[in-house]
2 protein chains.
Amino acid sequence: MGKDVAELSGGGGERRVVSEATLRRLPLYHRYIKELGQAGATGVSCTKIGGALSLDPTQVRKDVEVTGIVGRPKTGYEVGELAAAIEHFLGWDSAKEGFLVGVGSLGAALLGYHKFAEYGLEIVAAFDTDPAKVGKRIHGKYVLALEGLPKLVRRMHIAIGIITVPVGAAQEVADLLVEGGVRAIWNFAPTHLNVAPEMIVRNEDLYCSLAALSQKLRANVKGMKG
Amino acid sequence: MGKDVAELSGGGGERRVVSEATLRRLPLYHRYIKELGQAGATGVSCTKIGGALSLDPTQVRKDVEVTGIVGRPKTGYEVGELAAAIEHFLGWDSAKEGFLVGVGSLGAALLGYHKFAEYGLEIVAAFDTDPAKVGKRIHGKYVLALEGLPKLVRRMHIAIGIITVPVGAAQEVADLLVEGGVRAIWNFAPTHLNVAPEMIVRNEDLYCSLAALSQKLRANVKGMKG
DNA sequence: TAATTCTCGATATAAATTTCTCGATAGACG
DNA sequence: CGTCTATCGAGAAATTTATATCGAGAATTA
């Protein structure tokens, strides 16, 4: 249940399975080699990437391998090629459209993240129940009433729903998004969503993150005392 | 390098190592049993938790075990006890103070998350370089000039630094926080921070998260086609 | 042109995590 | 009061993930 892996058809038609950990590291590599490219470099090696990001070179190589790119001994990879390979693998070269629901402070902040477009996501509209917000534009995106959500999702073939509503409304919104036919949900509400298992759900739970940090801090203190 | 585990002295003085994955799941359990408690329930079983959160019951049991709590067969755990055990284990019962640096839209949104206090973090002040923001109050928190940051961190014994500045300024801010003596950094800037290895750094990289979602979506489409 | 060095790619090893299996015990029920 | 069921707790197995090792090929240098 809930294996943290993703399947995809590889270049030759065979399928590969990629770990969640790899998926989280690939964007880091991409960002780094982009910087290198802007600095004028043309080649990268896994050793170099690993050194810059405090990671094991072997691991970098394994991660990079899943994109299907092949490097050359001594040289490594060509910066542009590797960047393109990662972009393609992660699906950034085929942007998907998304709706954001819940224009609170976090939702509004996300609407301002215009760089999402570079990462395969274009937020085309926002939704809220607050009449004071409906009809306005925030960071250039129109805020619409929640009622029309499912129909619009279906009509516009929206693939991604972003939930930035309070906990109490999250499940309801998720249901509306699923009803409309989104295939993935990016959930910023700190709660577990009950949706069909084939739905792609990604929980962005700040409290969970904080918990991990908090625990490490506590363990750290105890460790110093003892 | 970078083992994702945390040590802590257990109840009897021995040390346990907890995986990052467990650390991320514990808050989910806590939230669920809190809901149960508010609904009037007094007892929970791992089976029940697992069922509600779509997780394996055995895994829930293993996770819960690290808090040191002991359950009773047939009954499970007492709701209040389990909640308290998780809270203590995660360090939520001993709040740490933090500074937030970078009062952009995301930073301002985080300043409004008053619930952080329940999770062991109290943001006591914010910092920014923008003179138009300095001196104002946002969500009740004062915005101060960046210059005084290290001194104030040291004087007030601030443990946590939250970075919500643009990428270009992140490393610089991290250095200031470290200089002041914070022990943990919660980094929302999409970049790798170079700090001493004993520092606790938690990266909250939305683009990486989005990448994972994007890739799964792409893999999903391919899978359906083929 | 040959030696050297660096890095990829594949294989093997080790570690960690999740899952499974087995008693043991407490509560429910007749 | 005895039987039955559900759940904990602990140990073992299986799966995943990360790390280390080795050989081969390409660029640099002498």
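Letters A, B, ... mirror the listed sequences (proteins, then strands); counts begin at 1.
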Atom CZ of A:R72 with >12 non-hydrogen neighbours under 6.0 angstrom: no
Selected nucleotide, minimal atom distance to A:R61 side chain, candidates D:dA20, C:dT7, D:dG9: C:dT7
For atom CD of B:E65 and atom C1' of D:dC8, their distance in whole Å: 10 Å
Gap between atoms CD and P, on A:E20 and C:dA16 respectively (whole Å): 21 Å
Taking only N and O in the side chain of A:Q59, is any of them less than 4.0 Å away from OP1 or OP2 of D:dT17? no
Quickly work out the B:K62 NZ to C:dC20 P distance and round it to whole Å. 13 Å
Is the closest side-chain donor-acceptor distance between B:T67 and B:H88 under 3.5 Å? no
Electrostatic pair B:R25:B:E20 at N-O distance under 4.0 angstrom: no
Return no unless some side-chain N or O of A:R25 is found under 4.0 Å from OP1 or OP2 of D:dA18. yes
Step-by-step side-chain contact (heavy atoms from CB on, under 4.5 Å) determination, B:I185 to A:L213: CA-CA 8 Å; B:I185 290 178; A:L213 190 134; over 6 Å; no
Would you tabulate the pairs of protein nitrogen or oxygen atoms and nucleotide nitrogen or oxygen atoms of nucleotides 23-30 of chain C closer than 3.5 angstrom?
{"unit_1": "C:dG27", "atom_1": "OP1", "unit_2": "B:R72", "atom_2": "NH1", "d": "3.3"}

When the distance from CD1 of A:I49 to P of C:dT7 is rounded to whole Å, what number comes out? 12 Å
In whole Å, I'd like the distance from the CG atom of A:L55 to the P atom of D:dA20. 13 Å
Here the salt bridge (Lys or Arg N to Asp or Glu O under 4.0 Å) pairs for residues 30-50 of chain B, sequence neighbours left out, are A:D205-B:R31, B:K34-B:E87
Heavy-atom donor-acceptor pair, B:T47 side chain to B:P57 backbone, under 3.5 Å: no
Could you tell me whether B:S45 contacts a base, only the sugar-phosphate backbone, or nothing, with contacts defined as non-hydrogen atoms closer than 4.0 Å? sugar-phosphate
When you measure from the side chain of A:Y77, which nucleotide among C:dT18, C:dC8, D:dA20 comes out closest? C:dC8
A:W92 and A:E118 side chains, donor-acceptor separation under 3.5 Å: no
Rounded to the Å, how far apart are A:E78 CD and D:dA27 P? 14 Å
What's the CG-C1' distance between B:D56 and C:dT17, to the nearest Å? 12 Å
Please report the end-to-end axis angle for the helix from C:dT1-D:dA30 to C:dG30-D:dC1, five pairs per end, rounded to 10 degrees. 10°
In whole Å, what is the span from the OH atom of B:Y29 to the P atom of D:dC8? 12 Å
Evaluate the criterion side-chain contact (heavy atoms from CB on, under 4.5 Å) for residue pair B:L110 and B:F188; output intermediate values, then yes/no. CA-CA 11 Å; B:L110 292 185; B:F188 287 80; 3.7 Å; yes
Which comes earlier along DNA chain D counting from the 5' end, the contact point of A:T22 or that of B:G76, where each point is its nearest nucleotide? B:G76
List the steps, then state whether ring-ring contact (aromatic ring centres under 6.0 Å, His included) holds for B:F116 with B:Y113. CA-CA 6 Å; B:F116 281 153; B:Y113 275 48; 5.3 Å; yes
